[in-house]
Amino acid sequence: MFYEFLVPLAGDYNVFNVFRYITFRSMGALITAMVIMVVMGPRFIAFLHNIKCGQYILSDVKAHAAKAGTPTMGGLMILLSLVLTLLLWADLSNKYVWEVLLVFVGYGLVGFWDDITKLRHHENKGISPRAKMAGLLVISFAAMSLLYFDPSYSTKLAIPFAKNVTLDLGLLYLPFGMLIMVSSANAVNLTDGLDGLAIGPTIIAGMVFAIFIYITGNSRLTEYLYLPYIPGVGEVTVFCAALVGAGLGFLWFNAYPAQVFMGDVGSLSLGGTLGFLALLCRQELLLAVVGGLFVVETLSVIVQVSYFRWTGGKRFFRMAPLHHHFELKGVPESKIIIRFWITSIILGLVALSTIKLR
Ligand code: 57M
């Protein structure tokens, strides 16, 4: 909105020229999203309490019993603050802004449907896995079709650390992209089991993608850095910045001991969107590094389930996903969270180091 209303005034008042710059609007978006969250948070959490959105706690990990009744569906706040911020700061004529919103809101609605169903049943039983997957696939298909038929996009995968090596997937790029989005959403969902554990790495990934996306939309930088140039995609930096701001604002309340959980409405929307951001800046494989922590958590479940089947009932970890293993070993929750964040920061830096290393 600022872009549409204030940039035309730049001819008469030079000062409004700053609203042209993606960097300026991104900073504005980050601060706006964070302020909306911090101001709205206490009222929204009280509202969730009032409408009895308390989390049902499974009894497997004893330390979690004290968390019973903590309101969930805090992801709705992230959704609201991000959409409002984008309407204020983004160039609304940019198609990529609407595409990323489609994934973010679409995945959020599927998560919301699951959360509401769990609350209605007063236990942890949400919609069927099949219905959930169908919802996520429909949205992923719509988003991937938009990319696939976009002349600015190619179906060639960039290989991290390699300058001239690409892998052309052709029509397979469509299901590949859908797989990336759905896996990323599920990986963030699995990780969301300790206070601040999912939102911390999401904020870091948001920062890393803000940099990659800004570069991808800038012809001079892409030429210098041998990265793919996609005109117009740079505007999504404003979305990434709003994501970081809303994430920080959510962490304000989700930090240990949490006053609110994000629910599936938060974990699915954030996870699916991280996958789509990787597709938008053509760094699909690098997502495994940026979101390395989510990958490790998911792998721990795969190892646990496979080992259990293979050995006829033995466990590899005390419990999966990995954070539960450390909890059951007696590591305090806040220590696990901060160590996982440290790991994420290092992985984010490794991902950034690939910018020049190609
Ligand atoms: C979501 N949800 C949390 C909260 C959050 C296949 C299997 C590995 C699936 C997995 C699973 O169900 N994962 C999905 C995990 C839950 O959090 C809610 O869910 C939302 C995210 N979807 O926003 O609303 C609990 O997590 C805790 N929490 C916090 N702070 C937060 O900020 O403390 C969440 C957010 C909350 C709260 O206690 O109630 C969850 O863990 O349920 N299943 C598991 O993760 C289970 N693992 C398991 O069964 N492992 C087995 C096999 C299958 C691999 C094994 O190791 O043998 C664990 N789930 C629970 N307890 N609750 C087991 C221990």
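Note that ligands are numbered from 1 as they come in the structure, with each ligand's atoms numbered from 1 the same way.
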For [atom], which of [options] has the closest heavy atom?
atom: atom 52 (C) of ligand 1; options: M73, Q259, Q304, H324; answer: Q304
atom: atom 57 (O) of ligand 1; options: M319, R315, H325; answer: R315
atom: atom 30 (N) of ligand 1; options: N254, D195, V265; answer: D195
atom: atom 22 (N) of ligand 1; options: N189, D114, V301; answer: N189

- Any chance NZ of K95 has more than 12 other-residue heavy atoms, nucleotides or ligands included, within less than 6.0 Å? yes

If we only count N/O pairs under 3.5 Å, is [X] in contact with ligand 1?
X: K118; result: no
X: A320; result: yes
X: G193; result: yes

- Message: Just by distance, no angles: are the side chains of H323 and E333 close enough, under 3.5 Å, to form a donor-acceptor pair?
- Response: no

- Message: Centre-to-centre under 6.0 Å for F19 and F24, is that the case here?
- Response: yes

- Message: Any side-chain to backbone donor/acceptor pair from W252 onto M37? Under 3.5 Å, distance only.
- Response: no

- Side-chain heavy-atom pair M144, M181 within 4.5 angstrom cut-off: yes

- Task: Determine, using heavy atoms of A258 and all atoms of ligand 1, whether some pair is separated by less than 4.0 Å.
- Result: no

